[in-house]
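Single-structure report; data block below.
Quick caveat: nothing in here was measured; it's all calculated off a predicted structure. First the proteins, then the strands, lettered A, B, ... as listed; each starts at 1.
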Number of protein chains: 2
Amino acid sequence: MHETAELLKEHQLKATPQRIKIVRMLEEHGHINIEDLYSQMLEEFPSVSLATIYKNINQMIESGLIQEVKIPKTKSVFELIKEPHLHMVCDKCGKIEDICVGTDRVIEEAQKLSGYDIKESFITLRGTCPDCR
Amino acid sequence: MHETAELLKEHQLKATPQRIKIVRMLEEHGHINIEDLYSQMLEEFPSVSLATIYKNINQMIESGLIQEVKIPKTKSVFELIKEPHLHMVCDKCGKIEDICVGTDRVIEEAQKLSGYDIKESFITLRGTCPDCR
DNA sequence: CTGCAAAAGAAAATTATTTTCTTTTAAGCC
DNA sequence: GGCTTAAAAGAAAATAATTTTCTTTTGCAG
């Protein structure tokens with residue numbers, strides 16, 4: 001039935017209404033920060049606690065369902081984990097977009113130069129989006 | 001004389017002993033977080049205030065002398081601004097290294113795909129360094 | 001339908017960062 | 001070199017962000 005509930009259970013998390021709402025918001029917005037998560041949550045669950053948001057976000061991170069995206073000069077946002085991608089941040093409207101572009105070459109090049117065994121990449125590019133130009 | 005003092009003055013910042021020490025630490029370590037900055041500062045200036053660290057770091061960021069590097073799953077570090085580069089973070093020892101590798105192609109590719117006018121890039125790669133393998 | 005481990009909510013505690021206010025000091029000027 | 005002053009330092013309080021604790025509620029396995 002509820003596919004969101006299934007997703008939570010696959011990650012060993014009880015499918016509570018609050019958690020389902022969080023996942024739905026992440027699915028809908030792609031990226032969302034704690035503040036927005038909380039204020040949107042309040043609309044549907046007027047007595048939700050901020051501690052619930054934090055606790056759930058942390059559990060979802062631990063379970064590998066979501067990840068935190070730290071953005072220079074701005075608040076962190078959270079997103080469902082999916083295939084590797086990079087983040088475009090618009091310096092005018094603040095919009096964040098995912099771009100699936102081959103980062104393989106940078107990683108390969110960096111691997112060669114540094115001798116590191118690279119496991120994860122976090123790439124954020126800041127600029128002005130087409131709508132704001 | 002003091003080249004560090006000159007650097008501060010070029011950025012319209014009074015060359016106080018505390019600021020000189022901060023810049024020296026950044027030059028020496030490359031990357032350093034608030035906590036380490038504070039504890040090392042205490043050795044030389046036993047009565048330094050944490051507020052002084054924060055205020056100076058913020059002023060140095062505003063003046064374009066340094067920048068904050070936000071790292072997934074870890075505390076932010078600060079570094080002197082220099083030519084574009086990427087950050088390698090070792091998941092074993094926590095060491096952070098700069099790599100000057102051509103990120104131009106990712107940026108170009110992303111620019112083409114997204115239509116953004118890209119101004120800055122923040123690239124962090126996580127993996128295991130040669131020493132920890 | 002029942003029992004219980006886990007989650008929610010409320011409030012307090014902790015940690016991180018900023019602000020305020022008073023004292024001290026770097027640096028331009030004579 | 002001493003004087004002036006705007007800016008910085010330091011101390012403490014204030015604010016913001018996040019976590020913890022504790023009690024009540026609830027999802028879900030049996």
I'd like to know if A:Glu43 and A:Lys21 make a salt bridge, using a cut-off of under 4.0 Å between side-chain N and carboxylate O. no

Pairs meeting criterion ring-ring contact (aromatic ring centres under 6.0 Å, His included) with involvement of residues 8-45 of chain A, two or more places apart: A:His31-A:His87

For the residue pair B:Gly94 and B:Val89, what are the closest heavy atoms and their distance? O-CG1, 4.5 Å

In numerical order, the residues of residues 40-49 of chain B whose heavy atoms come under 4.0 Å of DNA chain D are B:Ser47, B:Val48, B:Ser49

Using a strict 4.0 Å threshold on nitrogen-to-oxygen distance, state whether A:Lys92 and A:Asp131 make a salt bridge. no

Taking N or O atoms only and anything under 3.5 Å, show me the protein contacts with nucleotides 13-18 of chain C, one pair per line.
from   : atom 1 : to      : atom 2 : distance (Å)
C:dT17 : OP2    : B:Tyr54 : OH     : 2.2
C:dT17 : O5'    : B:Tyr54 : OH     : 3.3
C:dT18 : OP2    : B:Asn58 : ND2    : 3.1

Spatial distance of atom CD (B:Glu108) from atom OG1 (B:Thr103) [nearest 0.5 Å]: 11.0 Å

Using only heavy-atom distances, determine whether the side chains of B:Glu79 and B:His85 contain a donor-acceptor pair under 3.5 Å. yes

Sugar-phosphate only, base, or nothing, as touched by B:Gln12 at under 4.0 Å among non-hydrogen atoms: nothing

From A:Leu42 CG over to A:Ser49 OG, what is the distance, rounded to the nearest 0.5 angstrom? 9.5 Å

Would you name the heavy atoms of B:Gly115 and A:Pro130 that are closest together and state the gap between them? O-CG, 3.5 Å

Under a 4.0 Å threshold between the charged nitrogen and the carboxylate oxygen, would A:Asp98 count as salt-bridged to A:Lys82? yes

Under a 3.5 Å cutoff, is there a donor and acceptor pairing between the side chains of B:Gln18 and B:Thr52? no

From the 5' end of DNA chain D to its 3' end, which nucleotides mark the outer limits of contact with chain A, defined by a 4.0 Å heavy-atom distance cut-off (strictly under)? D:dA17 to D:dC28

Got a second to check how far B:Glu27's CD is from B:Ile20's CD1, nearest 0.5 Å? 10.5 Å

Protein N or O to nucleotides 24-30 of chain C N or O, pairs below 3.5 Å:
from   : atom 1 : to      : atom 2 : distance (Å)
C:dA27 : OP1    : B:Ala15 : N      : 3.0

Nearest whole angstrom, please: distance from the C1' of C:dA7 to the CD1 of A:Ile22. 12 Å

Terminal axis angle for the helix from C:dC1-D:dG30 to C:dC30-D:dG1, five pairs an end, nearest 10 degrees: 50°

Between A:Arg105 and B:Glu109, does any NZ, NE, NH1 or NH2 come within less than 4.0 Å of an OD or OE carboxylate oxygen? yes

A:Ile71 versus B:Lys70, closest heavy-atom pair with distance: O-NZ, 3.1 Å

Distance col, row B:Leu125:CG vs A:Ile123:CD1, nearest 0.5 angstrom, shows 6.5 Å

What's the separation between atom CD1 in B:Ile22 and atom CD in B:Gln59, rounded to the nearest 0.5 Å? 9.5 Å

